[in-house]
Amino acid sequence: MRTGIFGGTFDPVHLGHKHCLLTVIEKVGLDRVIIMPDRIPPHKQSRDIASPEDRVEMLRLTFSDLPYAEISDMELKREGKSYSVITLRQLHQEYPEEDLCFIMGSDMLLCFDKWYCWQEILTLCTLICVSRSDEDTDKLEPFAQKLRAEGGKVIIVPVEPFEVSSTEIRKTIAGGGDCTCYLDKNVIEYIKKKNLYTRDANDR
């Protein structure tokens, strides 16, 4: 079985995240995906960041129509620095027969050889790097070749850009703007219900 690991802050998760994941699933042939929100260290948290519980719930709402997707709070529960290699070691122990595929953005691949225990990561998973343009792919391929020479498996997947970021969405909501074209309708209702990302929430 081929299992994708899709991590991120997801604050909030938006339709660009879903579009990216669906494209990777289709092009790589993933059998299931584990969606894993990052733990945000307390010293980096601010009042406009949603709680771990809220981020998990928004992920559940967004991906509820994908039966092969599961939301994991593994990294949220972990204290201290949450290195990717620690997560992959744990997943490898839990699913030793599965082909783990770690999904990452192009910026992450470009600095991958600076990651903690990056050589070990290459033994634990296949790297799936999302490329948003032909120019991006041309820049990524030399880095992918270097990692392949180290024994790693690297797949570059072109994904049509979805021009939005979670930061922009939070700013739009705080300013009273409309984000219906960027968020799942159930997430929009959840944000309204919980009063997330609004000026009132930031003033609490």
Side-chain angles (χ1 to χ4, degrees), residues 1-11 13-40 55 59 62-63 66 68-76 78 80-163 165-166:
M1 178 178 286
R2 199 170 225 189
T3 298
I5 299 116
F6 188 46
T9 305
F10 302 121
D11 190 33
V13 58
H14 53 70
L15 296 180
H17 293 127
K18 190 170 188 178
H19 165 71
C20 174
L21 183 57
L22 289 174
T23 302
V24 171
I25 289 169
E26 177 185 357
K27 293 189 176 181
V28 178
L30 299 178
D31 299 295
R32 71 174 182 130
V33 290
I34 300 173
I35 302 169
M36 192 170 297
D38 299 339
R39 178 178 176 271
I40 302 173
R55 289 189 288 134
L59 283 167
T62 299
F63 293 101
L66 303 184
Y68 46 80
E70 65 178 78
I71 314 302
S72 170
D73 61 358
M74 180 186 296
E75 292 198 347
L76 296 176
R78 186 178 300 139
K81 292 184 178 179
S82 190
Y83 292 112
S84 296
V85 70
I86 298 174
T87 297
L88 287 163
R89 286 170 185 164
Q90 185 172 340
L91 290 172
H92 195 67
Q93 289 179 344
E94 293 181 10
Y95 311 108
E97 302 302 321
E98 296 187 17
D99 178 11
L100 300 178
C101 298
F102 189 88
I103 302 167
M104 60 168 57
S106 57
D107 55 333
M108 290 193 253
L109 184 68
L110 295 176
C111 67
F112 182 76
D113 61 356
K114 306 295 189 298
W115 285 27
Y116 178 67
C117 293
W118 65 272
Q119 295 99 332
E120 182 181 354
I121 292 176
L122 294 178
T123 70
L124 295 172
C125 68
T126 297
L127 300 182
I128 308 294
C129 180
V130 174
S131 169
R132 302 187 184 280
S133 68
D134 291 339
E135 181 179 343
D136 200 20
T137 300
D138 291 341
K139 183 170 64 174
L140 293 168
E141 190 56 41
F143 286 86
Q145 290 287 12
K146 290 180 182 178
L147 295 177
R148 292 176 188 131
E150 294 282 345
K153 291 178 287 185
V154 184
I155 301 173
I156 298 176
V157 178
V159 174
E160 186 177 345
F162 191 99
E163 300 299 338
S165 72
S166 295

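Keep in mind it's a predicted model, so treat the numbers as computed, not measured. Starting from 1, each residue takes its place in the sequence as its number.
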- With side chain to side chain contact (heavy atoms under 4.5 Å, CB included) as the test, would you mind laying out the steps for Lys139 and Leu110 before giving the verdict? CA-CA 9 Å; Lys139 183 170 64 174; Leu110 295 176; 4.0 Å; yes
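- Remark: Glu150 engages Trp118, Leu122 in a side-chain contact (heavy atoms from CB on, under 4.5 Å) (not counting sequence neighbours).
- Remark: Thr137 pairs with Ser131, Ile156 by the side-chain contact (heavy atoms from CB on, under 4.5 Å) rule, at least two apart or across chains.
- Checked against ring-ring contact (aromatic ring centres under 6.0 Å, His included), Phe10 has the following partners two or more places apart in sequence or in another chain: Phe6, His17.
- In this view, Phe162 satisfies the ring-ring contact (aromatic ring centres under 6.0 Å, His included) rule with no residue, not counting sequence neighbours.
- Residues Gly105 and Cys129 approach most closely at O-SG, 3.9 Å, considering heavy atoms.
- For Glu94, the CD atom is densely surrounded, since the number of other residues' heavy atoms within 6.0 Å is greater than 12.
- A distance of 8.0 Å separates CD1 in Ile103 from CD1 in Ile5, rounded to the nearest 0.5 Å.
- Remark: Leu127 CG to Met104 CE distance equals 4.5 Å, nearest 0.5 Å.
- What you find for Gly16 and His14 is that their closest heavy atoms are N-ND1, 3.0 Å.
- Remark: Leu59 CG to Glu70 CD distance equals 12.5 Å, nearest 0.5 Å.
- How far CG of Leu91 is from CG of Leu124: 9.5 Å, rounded to the nearest 0.5 Å.
- Residues passing the side-chain contact (heavy atoms from CB on, under 4.5 Å) test with Lys146: none are found, sequence neighbours excluded.
- Put simply, the side chain of Thr123 gets close to the backbone of Glu120: a donor and an acceptor are under 3.5 Å apart.
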- Message: Before you tell me yes or no, could you show the steps for Val24 and Val33 under side chain to side chain contact (heavy atoms under 4.5 Å, CB included), namely the whole-Å CA-CA distance, both residues' side-chain angles and the distance that decides it to 0.1 Å?
- Response: CA-CA 10 Å; Val24 171; Val33 290; over 6 Å; no
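- At a threshold of 4.5 Å between non-hydrogen side-chain atoms, the residues Thr9 and Ser166 do not count as touching.
- Of all the heavy atoms in Glu75 and Pro37, the pair that sits closest is CB-O, 3.9 Å.
- Legend: side-chain hydrogen bond (donor to acceptor under 3.5 Å, both in side chains) pairs involving residues 95-110, not counting sequence neighbours, sorted by first then second residue: Arg2-Asp99, Thr3-Glu98, Arg32-Glu98, Ser106-Asp136.
- When all heavy atoms of Met74 and Thr87 are compared, the closest pair comes out as SD-CG2, 3.9 Å.
- We find the CG-NZ distance between Leu147 and Lys153 to be 13.5 Å, quoted to the nearest 0.5 Å.
- Scanning both residues, Val130 and Cys20, for their nearest heavy atoms gives CG2-SG, 3.6 Å.
- Under 4.0 Å is where a charged nitrogen must lie from a carboxylate oxygen, and between Arg132 and Glu163 no such pair does.
- Taking the side chain as every heavy atom from C-beta outward, Val154 and Phe112 never approach each other to under 4.5 Å.
- Note that CZ of Phe102 and CE of Met36 are 9.0 Å apart. Values are rounded to the nearest 0.5 Å.
- The shortest non-hydrogen separation linking Ser84 to Ile121 is CB-CD1, 4.4 Å.
- Using a 3.5 Å distance cut-off with no hydrogens or angles, the side chains of Glu160 and Thr23 do not pair a donor with an acceptor.
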- Task: Test Leu22 against Leu66 for side chain to side chain contact (heavy atoms under 4.5 Å, CB included), laying out the working first.
- Result: CA-CA 10 Å; Leu22 289 174; Leu66 303 184; 3.9 Å; yes
